[in-house]
Amino acid sequence: MPKSKRDRPVTLSKTKKKGREHKEGIVNGIREAVEKYSSVYVFSFENMRNIKFKEFRQQFRQNGRFFLGSNKVMQVALGRSASDEIRPDIFKASKLLHGDAGLLVTDMPKEEVESLFNAYEDSDFSRTGSTAVETVELKEGPLEQFTHEMEPFLRKQGMPVRLNKGTVELLSDFVVCEEGKPLSPESSRILRLLGIKLATFKLNLVCRWSPNDFELYREGLDLSDVETS
């Protein structure tokens, strides 16, 4: 009997080497981009949607590169202090890489970059575990948006429903989700059935570095937050 591929031992040194090579590739890619392009932007994101982000990136395909991944790896690429930064003052941008963040390295004029980021916003269905941004409640009575075939499925989602002359009827008021609380799998499914999109995929500029200046975008930040090395 041939040996199953699943039974083949994995050498940990190889996996570690592969992980190290991947990180080194990101570091080298960022450093090459900084040499090639004139400006570096740190941005944050909310409710990331990969397909939509890919579409947004297409606007920079001729004159820039995006980088997402480990913040620590991106910080190493730029330099984490004045003593190891790859360009003068670029460590300031490095210090703002935390949380859900990424890098854009580009030659696109500053005004165009700001315009594209500020204008971009896309609604989508919320995922399980995300925080509800508002309370959604259904009132007792007929739910004519659902066909009678949906009644068993709605009951499985915890909704108090029954069929009344072929119409799905809600027997009492039902809170689908509460503002500030995480969405359960059931709440997420019901919101999708209702066509209610509570998540907004948004990209926010945090700062911009260029050889000539450094600029902060995020409110509440001050140059003193990043100037100490």
Side-chain angles (χ1 to χ4, degrees), residues 4-6 41-61 64 66-71 96-104 112-206 217-221:
S4 171
K5 292 182 179 180
R6 295 181 182 178
Y41 294 82
V42 173
F43 64 91
S44 63
F45 53 86
E46 305 167 30
N47 300 303
M48 172 59 77
R49 298 295 187 266
N50 290 333
I51 294 176
K52 296 181 186 297
F53 181 59
K54 186 176 181 180
E55 293 171 355
F56 180 78
R57 288 170 58 173
Q58 290 301 305
Q59 299 172 96
F60 296 85
R61 65 185 182 277
F66 280 89
F67 296 92
L68 291 177
S70 165
N71 289 335
L96 294 173
L97 279 165
H98 49 75
D100 294 328
L103 286 175
L104 166 63
E112 289 185 39
V113 174
E114 293 171 354
S115 177
L116 288 172
F117 270 81
N118 292 336
Y120 188 80
E121 191 173 292
D122 204 309
S123 297
D124 201 354
F125 295 108
S126 297
R127 294 172 175 171
T128 299
S130 61
T131 302
V133 296
E134 64 180 74
T135 297
V136 175
E137 183 177 7
L138 299 175
K139 295 298 183 181
E140 175 185 350
L143 299 174
E144 296 180 353
Q145 64 268 52
F146 298 122
T147 62
H148 67 276
E149 292 95 342
M150 293 293 297
E151 189 265 345
F153 179 78
L154 295 174
R155 273 193 287 110
K156 286 183 179 179
Q157 308 314 308
M159 294 178 64
V161 293
R162 69 175 180 182
L163 280 179
N164 184 1
K165 297 179 181 179
T167 299
V168 178
E169 183 179 39
L170 190 63
L171 299 178
S172 60
D173 294 350
F174 179 76
V175 176
V176 179
C177 62
E178 290 186 59
E179 182 179 356
K181 293 187 176 181
L183 289 179
S184 66
E186 294 78 15
S187 296
S188 181
R189 294 187 198 107
I190 295 169
L191 289 171
R192 185 175 287 270
L193 288 173
L194 292 169
I196 298 176
K197 298 181 178 182
L198 296 183
T200 301
F201 172 40
K202 188 165 177 57
L203 301 163
N204 305 294
L205 289 173
V206 176
Y217 292 103
R218 180 183 288 172
E219 291 183 10
L221 285 177

Do you know the tightest heavy-atom contact between Leu170 and Ser172? CG-O, 3.1 Å

How many angstroms lie between atom CZ of Arg189 and atom CD of Glu186, to the nearest 0.5 angstrom? 5.5 Å

Test side chain to side chain contact (heavy atoms under 4.5 Å, CB included) on Ile196 and Val176; report intermediate values, then the result. CA-CA 11 Å; Ile196 298 176; Val176 179; over 6 Å; no

Locate the shortest heavy-atom distance separating Val168 from His148; write the atom from each residue and the value. CG2-CA, 4.1 Å

Which heavy-atom pair separates Asp122 from Lys52 by the least distance, and what is that distance? OD1-NZ, 3.4 Å

For the residue pair Phe53 and Phe43, does the interplanar ring angle fall in the parallel (under 30°), tilted (30 to 60°) or perpendicular (over 60°) class? tilted

Do side-chain atoms of Ser44 reach the backbone of Asp100 as a donor and acceptor pair under 3.5 angstrom? no

Going by heavy atoms in the side chains, are Phe201 and Met48 under 4.5 Å from each other? yes

For Glu46 and Asn204, work out which heavy atoms get closest and say how close. OE2-ND2, 2.9 Å

Yes or no on side chain to side chain contact (heavy atoms under 4.5 Å, CB included) for Val136 and Ile190, after CA distance, side-chain angles and deciding distance? CA-CA 10 Å; Val136 175; Ile190 295 169; over 6 Å; no

Quick one, Leu143 and Met159 - any side-chain contact, counting heavy atoms below 4.5 Å? yes

Distance (rounded to the nearest 0.5 Å) between Phe66 CZ and Leu103 CG: 10.0 Å

Tell me which one of Gln145, Glu144, Glu151, Glu149 satisfies side-chain hydrogen bond (donor to acceptor under 3.5 Å, both in side chains) with Thr147. Glu149

Rounded to the nearest 0.5 Å, what's the gap from CG on Asn50 to CD on Glu55? Could you check? 11.5 Å

List the atom of Leu154, the atom of Phe146, and the distance in Å for their closest heavy-atom pair. CD1-CD1, 3.6 Å

Can you confirm whether His98 is buried at NE2, in the sense that more than 12 heavy atoms of other residues, nucleotides or ligands lie under 6.0 Å from that atom? yes

Rounded to the nearest 0.5 Å, how far does CZ of Arg155 lie from CE of Met150? 12.0 Å

Determine whether a donor-acceptor pair (N or O, by modelled atom type, separation under 3.5 Å) exists between the side chain of Thr135 and the backbone of Glu179. yes

Is the closest side-chain heavy-atom distance between Tyr217 and Val206 below 4.5 Å? no

Okay, side chain of Asn71, backbone of Gly99: is any donor-acceptor separation there less than 3.5 Å? yes

Main-chain N/O of Lys139 paired to Asp173 side chain as donor or acceptor, under 3.5 Å: no

Check: Phe60 and Val113 side chains under 4.5 Å, non-hydrogen atoms: yes

Spacing of Leu96 atom CG and Tyr41 atom OH [to the nearest 0.5 Å]: 15.0 Å

Looking only at heavy atoms, what is the nearest atom pair of Pro182 and Gly129, with distance? CB-O, 3.9 Å

So how far is it from Glu178 CD to Glu134 CD, rounded to the nearest 0.5 Å? 13.0 Å

Look at the side chain of Ser188 and the backbone N and O of Ser126, then say whether any donor-acceptor pair between them is shorter than 3.5 Å. yes

In terms of ring plane angle, is the pair Phe56 and Tyr120 parallel, tilted or perpendicular, where the classes change at 30° and 60°? tilted

Checking Ser130 against Leu198 for the side chain to side chain contact (heavy atoms under 4.5 Å, CB included) test, could you report, in this order, the C-alpha distance in whole Å, the side-chain angles of both residues, the deciding distance, and whether it holds? CA-CA 10 Å; Ser130 61; Leu198 296 183; over 6 Å; no

For side chain to side chain contact (heavy atoms under 4.5 Å, CB included), just list the numbers for Leu183 and Thr128, CA-CA rounded to whole Å, side-chain angles, deciding distance to a tenth of an Å, and then say yes or no. CA-CA 5 Å; Leu183 289 179; Thr128 299; 5.7 Å; no

Do any N or O atoms from the side chain of Arg57 and from the backbone of Lys54 form a donor-acceptor pair under 3.5 angstrom? no

Treating Asn47 as the side-chain partner and Thr200 as the backbone partner, does any N or O pair qualify as donor plus acceptor under 3.5 Å? yes

